[in-house]
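Heavy-atom basis, side chains included; hydrogens, waters and symmetry copies ignored.
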Amino acid sequence: MSAKVPEPGPEPGTVAADLLDERLIQSAGFGGAVRAFTRRIRGGDLGSLPVVVGLAIIWAVFGIVNPRFLSSINLVNLSMQCAAVGTIAIGVVLVLLLAEIDLSIGSVSGLAAAIVAVGFVGHAWPLWTAVVAAIAAGALIGLFYALLNTRFGVPSFVITLAGLLGILGAQLWVLGKFGSINLPFDSWLVYYAQQLYMPEWLSYAFVAIAVAGYWLAKFLASTKRKAAGLSGVSASALGLRAAGLLVVLGVPVWYLNRSRGVGVMFLSFVALVLIMHFFLSRTRWGRAVFAVGGNVEAARRAGINVRAVAMSVFILCSTFAALGGLMAAGRLAAANQSSGGGDINLNAIAAAVIGGTSLFGGRGSAFSALLGILVIQSISSGLTLVNLDSSLRYMITGAVLLLAVVIDSLSRRSRRAAGRA
Amino acid sequence: MEEATSNTAAAAPQRILRMTGISKRFGAVQALTEVELEIYSGQVVAIVGDNGAGKSTLVKVLAGVHPADDGRIEMQDARVSISSPTDARALGIATVYQDLALCDNLDVVANLWLGHELTYRGRLDEVAMEKQSWKLLRELSAKIPSVRIAVASLSGGQRQTVAIARSLIGEPRIVILDEPTAALGVAQTAEVLNLIERLRERNYGVVLISHNMADVMAVADRIVVLRLGRNNGEFLAAEATSEDIVAAITGATDNAVTRRAATRPVPGTEEP
Ligand SMILES: Nc1ncnc2c1ncn2[C@@H]1O[C@H](COP(=O)(O)OP(=O)(O)OP(=O)(O)O)[C@@H](O)[C@H]1O
Ligand SMILES: [Mg+2]
C-alpha cells in the first residue's frame with residue numbers, strides 16, 4: 001500500500017497513521033510544504049493571503065508616495081488608531097462566522113462611550129463602575145438581539161438595523177443635557193488610551209515569551225501526535241516557523257520602539273484577538289460556532305445547542321462593540337453625540353471581511369479583525385498624509401471592501417469547484 | 001472504540017426497541033398514523049414506501065428530531081420518551097440522515113466528533129480524536145485518504161462513510177440509515193452495503209430506508225412497508241419477492257392518485 005510513498009515519514013519504515021493512504025499527495029519537507037500551499041490556494045482556500053499581499057502593496061505605495069508614512073511615529077499612531085475599531089471588528093468576525101450580522105456596533109460603541117462619560121463625569125461614579133456599566137449595557141443589548149433572533153427568528157440584519165437607530169437614540173438620551181463631555185486627562189482610561197506605552201525591555205520580553213510559547217506549544221503537540229502514531233512536524237520545520245514568528249514580531253516591535261513604542265491599548269487589542277482565536281480554534285464552543293455557521297441543521301442534529309451558541313455570539317459581539325467604544329472615548333478623551341458615528345460601523349464590518357472572514361458563514365478567523373483593520377487604517381492614514389480629500393478616502397475604502405467581497409465570493413466558487421465548499 | 005470490537009460475536013437477535021401506535025402530524029398533513037416498528041439486534045430491518053410515505057418522519061421520531069404526537073416507544077420493555085436528539089443518543093439510537101447532515105466547512109475529524117468532542121483540560125483533544133477516527137475508519141474499511149481535509153472534498157460514498165462512522169461514535173445499539181445509497185454509484189453502493197453488513201455482524205440493530213428494491217433484498221432481514229403514513233405489511237426478506245413488496249408499497253393503485261390522497265388520512269387503509 002505504501003509503495004508509492006516518495007519520501008520517508010517521520011521514522012523510516014513506519015508511516016504515520018494519517019499518511020498511509022497512497023492517494024494522499026505527500027508533502028514532506030520544504031518543497032512539499034510549498035506544493036501543499038499552492039494546492040490550497042488554487043483550491044480557493046485563500047485564508048489571509050490576499051489581505052497580507054494587499055497590505056504589503058498598500059504600504060509599499062504609500063511608502064513611496066510619502067516616506068513619512070513608514071516612519072515609526074506614523075506607524076505608532078496607526079497602531080493606536082487600529083485598537084478601538086479593531087476590537088469592534090473581533091465581534092463582527094464572530095457574528096459573521098454564524099452568517100449573521102450586527103449593524104448596530106457603531107451605535108453600541110457610542111452608547112458605551114456616553115455611559116462612561118455621563119457616569120464618570122456627570123454623576124461622579126468611580127471610573128470602574130462607569131466602565132463596568134458601559135460593558136454590561138453592551139452585553140444586555142446583545143442578549144436582547146439574541147432573544148429576538150433565536151426566539152422569534154427575526155433576521156439579525158433587521159434587528160440590528162432597528163438597533164442602529166434605537167441605540168443611537170439611547171446614546172443621545174443618555175448624553176441628554178450634557179451634549180458633549182470631556183474625560184479628564186488624568187483618568188486612567190484616557191491615560192491608557194493615549195499615553196501608556198510598554199517600556200522597551202517589556203516589549204522584547206513579550207516577543208521572546210510569544211516565540212518561546214509558540215515553539216513549546218507546537219513542539220508538545222507534535223510530540224503528542226508522534227506518540228499517538230500520527231505525523232508530526234519535524235524539528236527543523238518547527239525551528240524555521242519559530243524563527244519566522246520571531247522576525248514577524250520582533251522587527252515591528254523594534255521599529256515601533258524607535259518612536260514611542262508599542263501602545264498598551266494596541267497590545268490589549270492584539271491580546272483579545274489571540275484569546276478569541278484560542279476559543280474559536282481550541283474549544284468545543286469554537287467548534288460549535290463554525291458548525292452552526294457551516295450547517296445549522298447538522299449542528300442541531302449533532303446535539304449542539306444552537307440557540308446557546310447564537311446567544312453567546314450576539315452577546316460577545318455587542319460586548320466587544322462596547323469595549324471598542326470605551327477605547328475610542330479614551331483616545332478622544334471625550335464622548336459626544338457623534339461618538340460611534342461616522343464610518344466606525346462600516347469600518348468594523350469592512351475590517352472583518354477584508355481580513356478574510358466570509359460573509360457566508362463558517363469560515364474565518366479572529367486574525368481577520370487585526371489584518372483587516374490594519375488595511376483600513378493604513379489606507380486612511382496614508383491618504384491623510386498625502387493630503388487627499390476624505391471623499392477619496394471613502395471611495396478607496398469602499399473599493400477595497402468591494403474587492404474583498406469579490407475575492408470572498410470568487411474563492412467560495414473555486415472552493416466549490418475544488419470540492420472544498 | 002471498544003464497542004466496535006467487543007460485541008462482534010453475533011448473538012441470537014434480541015428485541016431492542018418497539019414502537020406502537022406512533023402518530024405524527026404536520027399542520028394539515030397526517031404524516032404517520034398508528035405506526036408500529038420493532039428493531040432487533042444483529043438484524044437489518046428495511047423500511048420501504050413511496051415518496052412521502054412517512055419513512056423519514058418515522059426515523060425522525062426515533063431520532064428525537066420530531067417527537068411523536070402520540071404512541072409508545074419501549075426499549076427492553078420499559079417505556080422511554082425521546083424528545084430531543086440528545087435523548088435519542090443517550091438511549092443508544094444513532095441516525096444517518098438522508099441529507100447526511102455534515103458540515104462541509106469542517107474536516108473529517110471535526111465532523112465525526114461534532115457535538116461530542118473529546119477534551120483535555122478544557123481544550124479540544126485533537127490528537128486523541130484523530131487517532132480514534134483512524135481506528136474507527138479502519139474498522140469500517142473506509143477509504144478516506146486524509147481525515148484533515150474538509151468534508152466537502154470527499155466523494156459521495158466517502159461522505160456517506162463519514163456519516164455512518166459518525167453515528168458509531170458513542171456506543172449506539174441502533175443505527176438508522178435514511179437512504180444511504182440514494183446518491184451513490186454502483187461501486188460506492190456496494191461499499192455502503194458491505195458497511196451495513198459489517199454493522200449487522202457487530203450486532204447493532206440496523207434500520208435501513210431505501211427505495212432501491214435490489215439493495216433492500218440484498219441486505220435486509222425484515223422489510224416493513226409504509227403507505228400513506230400507515231403500516232402496510234411486513235415481510236421476511238428470505239420469503240418475500242420484490243413483486244409482493246412493490247404491490248404493498250403502491251397499494252396496487254395509481255401512484256399519482258395515492259400521492260394526492262397523502263394530504264389527508266385515508267380511513268379505509270388496512271393495517272396488518
Ligand atoms: N418538517 C415537515 N413539515 C411539514 N410536513 C412534513 C415535514 N416533514 C415531512 N412532512 C410531510 O410528511 C409526509 C411524510 O414525509 P417523509 O419525509 O417522512 O416521507 P418519506 O417517506 O421519507 O419520503 P421520501 O421517500 O421522499 O424521502 C410528507 O407528506 C411530507 O410532506
Ligand atoms: Mg425520506
Axial cation check for Y120(B) ring with K224(A), 6.0 Å and 45° limits: yes

Lys/Arg-Asp/Glu bridge criterion (N-O < 4.0 Å) met for R18(B), E38(B): yes

Please classify the contact of A288(A) with chain B as side chain, backbone, both or neither, using a heavy-atom distance under 4.5 Å. neither

Given that the side chain runs from C-beta out, which part of R89(B) has a heavy atom under 4.5 Å from chain A: side chain, backbone, both or neither? neither

Most contacts with chain B, counted as non-hydrogen pairs under 4.5 angstrom, among G294(A), S281(A), A302(A), A227(A): A302(A)

Test item: S167(B) side-chain N/O and V96(B) main-chain N/O as donor-acceptor pair under 3.5 Å: no

Regarding R198(B) and E201(B), does a basic nitrogen lie under 4.0 Å from an acidic carboxylate oxygen? no

Residue selection (most heavy-atom pairs with chain B, distance under 4.5 Å) from R284(A), R282(A), E297(A), R225(A): R284(A)

Side chain from CB out, backbone as N, CA, C, O: work out which of these in L114(B) comes under 4.5 Å of a heavy atom of chain A, or both, or neither. both

Determine, for R148(B) against E126(B), whether the closest basic-nitrogen to carboxylate-oxygen distance falls under 4.0 angstrom. yes

Is D99(B) close to chain A through its backbone or its side chain, or both, or neither, when contacts mean heavy atoms under 4.5 Å? side chain

Which answer fits F278(A), side chain, backbone, both or neither, if we ask what part of it has an atom under 4.5 Å from a heavy atom of chain B? side chain

For the residue pair D104(B) and A150(B), what are the closest heavy atoms and their distance? O-CB, 3.7 Å

